[in-house]
Amino acid sequence: MIREKWYEWKNWREMVHTTWNPKEPGVIRIHLIPPRFKWFHVVPSVAILNGNQIIPVNESWAILLTEFIKQLNRYGDGEMSEEDLAEMIEIVCGNMKKLYPYTDEELFREDLMVIAEVFESIARGQTPEIDIGQMDIGSYAPYMTAPHRMDLMVSAMEKDGHWNCNQHCLHCYAAGQRYAGVKELDTDAWKEIIARCKKAKIVQLTFTGGEPTQRKDLFELIYAARWFVTRLNTNGVRLTEDYCRKLMEAELDNVQITFYSANREIHNKLTGADHYDETVSGIRNALKAGLSVNVNTPLCRENAEYTDTVRFLQSLGVVYVTCSGLIPTGNAARRESVFMKLSREEITEVVKKAAAYCWEYGMEISFTSPGWITEEDLRKMGLSVPSCGAALSNMAVTPAGDVVACQSCLNREIFGNMRNTEWKKIWNHPASKRYREFSRKMEQSCPLGED
C-alpha cells in the first residue's frame, strides 16, 4: 500500500499517452488519466481509447500500464523488433518487481498481454474475451478534473468586418452569436491554449469554427496537437487532394464533413452557397487520402429524404454517418429555421429508415441530439442513446479564448479564459458545475432545446 501510494504521488501528476500502430490502419491512441490523488482511498484510473471509450483500470494495472507506456515513449516512433519489445517488457517487469517484490514476474507479463488484447478488442468495437468493465461518464464524473474533449473554435464567423465562411448555412449555430465578429487569436495564442489543454489532462481536441479551413495555419495547429486525438469539423469545400494530403501529414485522426443532401438544389439552398460539387469532391478526396471520415447531416423538413443521402454517401465509399436535429441557437433560432424543424414523430421515422438501410448495407450510423427521439425508439433501431455532455464530456474554447459549456452555448455563461484563467477555476466555476450536474444525470435532453 505504501509503495503504491508513493509511486502514484510521484508519477501521476500528469496523464500518460501512447499510440499503437501510428502509421497503419487501426491506430489506437491510449490516454491513461489518473484520478484525483488520495492517500487513503483508492479511485480507479481510466484509460480513454481513441478519445471515446472509457475503461476503468484498477490500481496495480494502472501502475503496470504507466510503466509500459513510459518505456514505449522512450523508445520513440521507429518500428520495434521482437527483441526490442522483449527487452522493454523485461525492464517493465523489473520496475514492477520493486513495487511488488512478492509477485512472480510472469504475472506482470501475462497482465500486459491481457491489457493489450482487451484494449485492442474494445477499440475495434469487438467484445473482449475478458470483461474488465466499461464505465459511463456519468459514473466517473465525481473523479474528473477536466472534460475528455475540448472544441477549439479557431475561426470566427466574421473577420475584419467581412463574412468569414465560404457558405451561409441556414441552420448555422455560430452565426449572429457573441463571438461572430471577434478578433481571431493568432497561431501562438492557439498553441498556448493547446498546451494548456494538455496540462489540464484533456485527451481530444476538435478544430471547429465557424469554418476552420479558413485559417492558413490550420495544418500547423493540428500538428502541434498531435499528442491528442484530433478531429476536424468542416463543410468540406476546401478539401482538395493536396489539402487532404497535408491533413494526413499533420497527423489528423478524423474529419467530420457536413453534408445536407444528395440533392444538389437542397444542399445548396441549406448552405446558402453553390458548393455542392466541392463538398462531394472533398468527401472523395478525404477518403482517397486515407483519412478517417464521418459525414454529418443536420435534419430538417427540406432534407427529410435522408435515406437517399445515406445511399449516395455509401456510393462514395463512406461507411460512417451521423445525423442530428436543429439546436435552436444562432441562425437555427430564427423563424425560417424553426419552421423547418421536424417533430419527434417525423424525425424518428426519418432516422428509422436511414438506420435500417445502414444496417442492411454494413454502414454505421449515430444520432447525436439528446431528447429528440425517445430512448425506447433509438434502442429499437439499434442506435446508442445520446445525452448532453456540456461541461462534462466536452467544453468549447471560443474564438476569443473564453471557455463555455459547449460550442452551442456561445451566448451563455463564460467560465474563464483558457489563456489567463487557472484551469481549476474554470472547471469549478459555479456555472460549469451547474451544467455538469445536469450532464452527469445522463438525461436524454439538452438545456438549449428546453429554452
Side-chain angles (χ1 to χ4, degrees), residues 147 149-165 167-185 189-190 193 196-197 202 204-215 221 231-235 256 258 272 296 298 324-338 341 368-371 388-421 425-427 429-436 438-439 445-451:
R149 188 188 89 219
M150 186 68 84
D151 296 334
L152 305 183
M153 305 179 73
V154 295
S155 175
M157 295 306 304
E158 298 173 25
K159 187 175 182 180
D160 301 326
H162 301 284
W163 185 250
N164 188 37
C165 184
Q167 297 190 150
H168 291 77
C169 294
L170 182 67
H171 306 308
C172 178
Y173 66 87
Q177 299 234 44
R178 176 191 288 157
Y179 298 95
V182 73
K183 181 177 174 59
E184 288 182 356
L185 298 177
W190 278 112
I193 288 172
R196 286 176 176 263
C197 286
I202 295 163
Q204 178 183 320
L205 297 182
T206 298
F207 291 88
T208 183
E211 175 49 46
T213 61
Q214 294 288 96
R215 289 190 69 110
L221 293 179
R231 295 192 163 98
L232 170 65
N233 290 353
T234 176
N235 57 34
Q256 176 178 288
T258 302
N296 181 62
S324 62
L326 303 178
I327 297 176
T329 184
N331 275 358
R334 295 181 177 179
R335 183 176 180 181
E336 185 179 3
S337 180
V338 171
K341 181 179 176 180
T368 60
S369 296
C388 177
L392 177 62
S393 62
N394 58 274
M395 287 181 171
V397 180
T398 73
D402 294 330
V403 181
V404 292
C406 78
Q407 56 183 318
S408 295
C409 293
L410 296 180
N411 282 348
R412 294 207 165 195
E413 299 94 334
I414 297 170
F415 305 156
N417 190 281
M418 201 65 192
R419 299 181 66 197
N420 52 42
T421 306
K425 291 183 178 179
I426 293 174
W427 183 249
H429 187 282
S432 176
K433 287 184 174 180
R434 190 175 69 252
Y435 275 101
R436 191 154 52 253
F438 177 89
S439 296
S445 59
C446 169
L448 291 174
E450 295 176 350
D451 287 351

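In this text the structure is predicted, and so the values were computed from the model without any measurement.
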Asks: Only counting residues at least two apart or in another chain, list the ones meeting salt bridge (charged side-chain N to carboxylate O under 4.0 Å, His left out) with Arg149.
Replies: Asp151
Asks: Residues in side chain to side chain donor-acceptor pair (under 3.5 Å) with Thr398, at least two apart?
Replies: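 Per chain and number, Thr398 pairs via side chain to side chain donor-acceptor pair (under 3.5 Å) with no residue.
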Asks: Sequence neighbours left out, what passes ring-ring contact (aromatic ring centres under 6.0 Å, His included) with Phe415? Give chain and number order.
Replies: His429
Asks: Would a 4.5 Å heavy-atom cut-off, applied to side chains only, mark Phe207 and Arg231 as touching?
Replies: no
Asks: Considering all heavy atoms of both residues, which atom of Met153 and which atom of Ala396 are nearest to each other, and what is their separation?
Replies: SD-CB, 4.4 Å
Asks: To the nearest 0.5 Å, what is the distance between OG on Ser432 and CG on Leu392?
Replies: 9.5 Å
Asks: Return the CE to CD distance between Met395 and Gln407, rounded to the nearest 0.5 Å.
Replies: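 Going from CE on Met395 over to CD on Gln407, the span is 14.0 Å.
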Asks: Taking only residues two or more places apart in sequence, or in another chain, which ones meet Asn296 in a side chain to side chain contact (heavy atoms under 4.5 Å, CB included)?
Replies: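 Counting only residues at least two positions away or on another chain, Asn296 forms a side chain to side chain contact (heavy atoms under 4.5 Å, CB included) with Gln256, Pro298, Thr322, Ser324.
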Asks: Give, for atom OG1 of Thr208 and atom CE of Met150, the distance between the pair rounded to the nearest 0.5 Å.
Replies: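 Reported value, rounded in 0.5 Å steps: 13.5 Å.
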Asks: Once you round to the nearest 0.5 Å, how far does CG of Asn420 lie from CG of Asp402?
Replies: 8.5 Å
Asks: Using a 3.5 Å distance criterion without hydrogens, assess whether the side chain of Arg436 forms a donor-acceptor pair with backbone atoms of Trp427.
Replies: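 Side chain of Arg436 to backbone of Trp427, a donor-acceptor pair under 3.5 Å: yes, one is there.
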Asks: Just checking, any donor-acceptor pair under 3.5 angstrom between side chains of Ser155 and Asn164?
Replies: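 Note: Ser155 and Asn164 side chains meet the donor-acceptor criterion.
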Asks: Test side-chain contact (heavy atoms from CB on, under 4.5 Å) on Cys165 and Asn235; report intermediate values, then the result.
Replies: CA-CA 10 Å; Cys165 184; Asn235 57 34; 4.1 Å; yes
Asks: State, with a plain yes or no, whether a side-chain heavy atom of Asn394 is found less than 4.5 Å away from one of Cys406.
Replies: yes
Asks: Do any N or O atoms from the side chain of Asn417 and from the backbone of Ala400 form a donor-acceptor pair under 3.5 angstrom?
Replies: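 Yes, the answer is positive, given that a donor and an acceptor are paired below the 3.5 Å cut-off.
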Asks: According to side chain to side chain donor-acceptor pair (under 3.5 Å), who are the partners of Ser393, at least two apart in sequence or on a separate chain?
Replies: none
Asks: Arg334: what forms a side chain to side chain contact (heavy atoms under 4.5 Å, CB included) with it, not counting sequence neighbours?
Replies: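 Side chain to side chain contact (heavy atoms under 4.5 Å, CB included) check on Arg334 returns Asn331.
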Asks: Applying salt bridge (charged side-chain N to carboxylate O under 4.0 Å, His left out), name anything that partners Glu184, two or more places apart in sequence or on another chain.
Replies: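 Salt bridge (charged side-chain N to carboxylate O under 4.0 Å, His left out) list for Glu184, sorted by chain: Lys159, Arg215.
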Asks: Nearest heavy-atom pair of Gly209 and Ala174: which atoms, and what distance?
Replies: O-CB, 4.4 Å
Asks: Search all heavy atoms of Leu232 against all heavy atoms of Pro212 and return the closest pair with its distance.
Replies: CD1-CG, 3.5 Å
Asks: Do you know which two heavy atoms are closest between Glu413 and Ala431, and how far apart they sit?
Replies: CB-CB, 3.7 Å
Asks: Give a yes or no answer on whether the side chain of Thr421 reaches the backbone of Gly416 with a donor-acceptor pair at less than 3.5 Å.
Replies: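 The answer is no, because no donor-acceptor pair under 3.5 Å joins these two groups.
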Asks: Could I get the full list of side chain to side chain contact (heavy atoms under 4.5 Å, CB included) partners for Asn411, not counting sequence neighbours?
Replies: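 With sequence neighbours excluded, Asn411 shows a side chain to side chain contact (heavy atoms under 4.5 Å, CB included) to Gln177, Arg178, given in chain and number order.
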Asks: Search all heavy atoms of Cys172 against all heavy atoms of Ala175 and return the closest pair with its distance.
Replies: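 Where Cys172 meets Ala175 most closely, the heavy atoms are SG-N, 3.4 Å.
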Asks: Tell me, please, which residues at least two apart from Ile193 pass side chain to side chain contact (heavy atoms under 4.5 Å, CB included).
Replies: Leu152, Leu185, Trp190, Cys197, Val397, Met418, Arg419
